[in-house]
Asks: 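Once you've had a glance at the structure underneath, I'll fire off some questions.
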Amino acid sequence: MTEPMVRANETTVPVMPCVSIEETLEFYQALGFEVTYQQARPYIYLVLEWSGFALHFGTPPKNIDPNQEDAGACLVIVDAVAPYHAEFTRAMRATYGRVLAKGRPRITRYKPGASRFTVIDPSGNSIIFIQRDEPAELEYGGSKHLTGLAKALDHARIFAEFKTDDRTALRVITTALRRHGDTAPPLEVAHALAHLIELAAALEETDGVDEWRRRLNALDITDTERHQVAEGLRDADALHLWRTEASPEAEAAGAL
């Protein structure tokens with residue numbers, strides 16, 4: 001009898017830990033997932049489906065700490081990430097009355113042109129949606145083709161978008177502004193200050209926002225450039241912080 005051959009027709013199914021069945025079901029159903037399998041005994045096993053993919057969950061290991069947000073992960077490769085982010089944020093607003101952008105569970109911010117975003121669930125799992133044509137080799141730590149403040153902004157983007165580390169991103173931009181803020185082009189400074197406002201809102205640490213807002217509104221940039229900077233501020237709280245005491249020129253431009 002001939003032994004069967006190994007053929008390239010495999011399917012991998014990661015099973016992520018589920019700390020609470022109730023919280024997991026509530027969150028994913030709020031996003032629009034359908035529960036296609038549910039079991040609590042003799043061990044936990046859940047399957048939730050949305051569009052063309054499924055997420056599987058099982059019994060968590062002992063001493064797991066969801067607050068560490070390192071429980072498990074799943075990559076979801078898609079043609080375009082923006083529609084997925086739009087659908088999930090729409091579902092959050094419908095269920096919770098707001099986008100869950102802070103704490104846990106949450107969804108990370110999406111900026112136009114970004115190639116990924118992450119959903120962090122109640123158990124501390126990360127569901128990372130990645131655009132299929134994302135570059136195979138990403139320049140972590142700032143592009144080699146950039147310098148000064150522009151390089152720091154790219155560095156911060158990597159921390160915020162790829163590592164979901166807003167605190168380090170904020171520290172990178174703050175340090176870069178001290179070093180390069182006086183010599184960098186005004187538009188770069190505007191983007192840096194806007195990012196600081198957004199990150200501070202996400203971290204709920206807004207002590208420096210008044211000063212950043214004052215500097216931002218005092219910059220000598222055009223109405224079009226001011227609108228461009230405002231378009232990058234997708235976090236609703238950050239936009240609210242900038243709107244307070246906004247300059248008449250910015251409001252006239254429709255940027256704020």
Asks: Any side-chain heavy-atom pair from Pro105 and Ile120 closer than 4.5 angstrom?
Replies: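 Of all side-chain heavy-atom pairs linking Ile120 with Pro105, none is under 4.5 Å.
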Asks: Is there a path from Phe129 to Trp50 through hydrophobic residues (I, L, V, M, F, W, Y) whose side chains come within less than 4.5 Å of each other?
Replies: yes
Asks: Are Phe53 and Ile107 joined in one hydrophobic group, where the rule is that I, L, V, M, F, W and Y side chains link up if heavy atoms are under 4.5 Å apart?
Replies: yes
Asks: How far apart are the closest heavy atoms of Pro42 and Gln39, and which atoms are they?
Replies: CD-NE2, 4.0 Å
Asks: Just wondering, do Met16 and Cys74 contact through their side chains at under 4.5 Å, heavy atoms?
Replies: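 Yes, side chains in contact.
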Asks: Scan Thr118, Leu55, Leu31 and name whichever one has a side chain to side chain contact (heavy atoms under 4.5 Å, CB included) with Ile127.
Replies: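 Of the listed options, the one satisfying the test is Leu55.
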Asks: Do Arg226 and Asp223 sit within salt-bridge range, that is, some charged N less than 4.0 Å from a carboxylate O?
Replies: no
Asks: Is there a side chain to side chain contact (heavy atoms under 4.5 Å, CB included) between Leu170 and Leu196? Walk through the geometry before answering.
Replies: CA-CA 6 Å; Leu170 187 144; Leu196 286 179; 3.9 Å; yes
Asks: Can any side-chain N or O of Thr59 pair as donor or acceptor with the backbone N or O of Tyr43 at less than 3.5 Å?
Replies: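 Such a contact is absent between Thr59 side chain and Tyr43 backbone.
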Asks: Taking atom CG of Asn67 as the centre, does the number of heavy atoms from other residues, nucleotides or ligands within less than 6.0 Å exceed 12?
Replies: yes
Asks: For the atom pair NE2 (His180) and OG1 (Thr175), what is the distance rounded to the nearest 0.5 Å?
Replies: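 Reported to 0.5 Å precision, the distance equals 9.5 Å.
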Asks: Any non-hydrogen side-chain atom of Val189 less than 4.5 Å from a side-chain atom of Leu177?
Replies: yes
Asks: Can you confirm whether Glu34 sits close enough to Leu48 that some side-chain heavy atom of one is under 4.5 Å from a side-chain heavy atom of the other?
Replies: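 Of all side-chain heavy-atom pairs linking Leu48 with Glu34, none is under 4.5 Å.
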Asks: Should the ring pair Phe33 and Phe88 be called parallel, tilted or perpendicular, given that the plane angle runs from 0 to 90° and is split at 30 and 60?
Replies: parallel
Asks: Does Leu46 form a side chain to side chain contact (heavy atoms under 4.5 Å, CB included) with Tyr37? I'd like the steps, not just the answer.
Replies: CA-CA 5 Å; Leu46 305 176; Tyr37 189 83; over 6 Å; no
Asks: Would you check, one step at a time, whether the test side chain to side chain contact (heavy atoms under 4.5 Å, CB included) holds for Phe57 with Asn125?
Replies: CA-CA 10 Å; Phe57 300 87; Asn125 297 302; 3.9 Å; yes
Asks: How many angstroms lie between CZ in Arg167 and CZ in Phe159, if you round to the nearest 0.5 Å?
Replies: 13.5 Å
Asks: Rounded to the nearest 0.5 Å, how far does CD of Glu49 lie from OH of Tyr28?
Replies: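 Nearest 0.5 Å value for the OH-CD distance: 14.0 Å.
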Asks: Determine whether Arg157 and Val172 make a side-chain contact, defined as any pair of heavy atoms from C-beta on separated by less than 4.5 Å.
Replies: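 Result no, sub-4.5 Å side-chain heavy-atom pair not found.
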Asks: Using a 3.5 Å distance criterion without hydrogens, assess whether the side chain of Thr206 forms a donor-acceptor pair with backbone atoms of Val209.
Replies: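 A pair under 3.5 Å: no.
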Asks: Give the minimum heavy-atom separation between Ala192 and Leu153, together with the two atoms involved.
Replies: CA-CD2, 3.6 Å
Asks: Looking only at atom types and distance, does a side-chain atom of Thr24 sit under 3.5 Å from a main-chain N or O of Ile21, one as donor and one as acceptor?
Replies: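 Looks like no, no N/O pair under 3.5 Å.
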Asks: Nearest 0.5 Å please: distance from the CE atom of Met92 over to the CZ atom of Phe27.
Replies: 4.5 Å
Asks: Assert yes or no for the condition that the ring centre distance of Tyr45 to His56 is strictly below 6.0 Å.
Replies: yes
Asks: Name the orientation class of the two ring planes belonging to Phe117 and Tyr110 (parallel below 30°, tilted from 30 to 60°, perpendicular beyond 60°).
Replies: perpendicular
Asks: Within a radius of less than 6.0 Å around CG of Asp65, do more than 12 heavy atoms belonging to other residues, nucleotides or ligands occur?
Replies: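 Yes - once you tally the heavy atoms of other residues, nucleotides and ligands closer than 6.0 Å, there are more than 12.
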Asks: Between Lys151 and Asp154, is the salt bridge (Lys or Arg N to Asp or Glu O under 4.0 Å) condition met? List the steps.
Replies: CA-CA 5 Å; Lys151 181 173 183 177; Asp154 191 52; over 6 Å; no
Asks: With a 4.5 Å cut-off on side-chain heavy-atom distances among I, L, V, M, F, W and Y, is there a chain of contacts connecting Val76 to Val119?
Replies: yes
Asks: Would you name the heavy atoms of Arg7 and Glu10 that are closest together and state the gap between them?
Replies: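 Where Arg7 meets Glu10 most closely, the heavy atoms are O-OE2, 3.0 Å.
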Asks: Could you state the interatomic distance from CZ (Arg171) to CG (Asp166), rounded to the nearest 0.5 Å?
Replies: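 The distance works out to 12.0 Å.
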Asks: Is any side-chain heavy atom of Asp121 less than 4.5 Å from a side-chain heavy atom of Ser126?
Replies: no
Asks: What's the shortest heavy-atom distance between Ala114 and Val81, and which atoms?
Replies: O-CG2, 3.6 Å
Asks: Just by modelled atom types, is the Pro122 backbone N or O under 3.5 Å from a matching donor or acceptor in the Arg104 side chain?
Replies: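 Answer holds: yes.
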Asks: Taking it one step at a time, do Asp210 and Arg213 satisfy salt bridge (Lys or Arg N to Asp or Glu O under 4.0 Å)?
Replies: CA-CA 5 Å; Asp210 287 343; Arg213 184 179 61 225; 2.7 Å; yes
Asks: If you look at every heavy atom in Ser123 and Ala71, which pair is closest and at what distance?
Replies: O-CB, 3.4 Å
Asks: How about Gln38 and Leu25: do any of their side-chain heavy atoms sit closer than 4.5 Å?
Replies: yes
Asks: Between Leu149 and Ala184, which heavy-atom pair has the shortest distance, and what is it?
Replies: CD2-CB, 3.7 Å
Asks: So does Thr222 get a backbone contact from the side chain of Glu225, meaning a donor-acceptor N/O pair under 3.5 Å?
Replies: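 Such a contact is found between Glu225 side chain and Thr222 backbone.
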Asks: Determine, step by step, whether Arg178 and Thr174 satisfy the side chain to side chain contact (heavy atoms under 4.5 Å, CB included) criterion, reporting the C-alpha distance in whole Å, the side-chain angles of both residues, the deciding distance to 0.1 Å, and the verdict.
Replies: CA-CA 7 Å; Arg178 285 199 299 265; Thr174 301; 3.5 Å; yes
Asks: Regarding Gln131 and Asp133, is there a side-chain donor-to-acceptor distance under 3.5 Å anywhere?
Replies: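 There is such a pair (donor and acceptor under 3.5 Å, judged by atom type) between the side chains of Gln131 and Asp133.
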Asks: Same cluster or not: are Val47 and Val35 linked, directly or through other Ile, Leu, Val, Met, Phe, Trp or Tyr residues, by side-chain heavy atoms under 4.5 angstrom apart?
Replies: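 No: no chain of side-chain contacts under 4.5 Å links Val47 to Val35.
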Asks: Applying the side chain to side chain contact (heavy atoms under 4.5 Å, CB included) criterion to Leu193, which one of Leu216, Ile173, Val229 satisfies it?
Replies: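 Among Leu216, Ile173, Val229, the one that satisfies the side chain to side chain contact (heavy atoms under 4.5 Å, CB included) with Leu193 is Leu216.
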Asks: With no hydrogens and no angle check, just 3.5 Å: does a side-chain donor-acceptor pair link Glu134 and Ser115?
Replies: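 Yes, a side-chain donor-acceptor pair sits under 3.5 Å.
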Asks: Supply the atom-to-atom distance Thr108 OG1 to Leu100 CG, rounded to the nearest 0.5 angstrom.
Replies: 12.5 Å
Asks: Where the side chain of Arg179 meets the backbone of Ala176, is there a donor-acceptor pair that is under 3.5 Å apart?
Replies: no
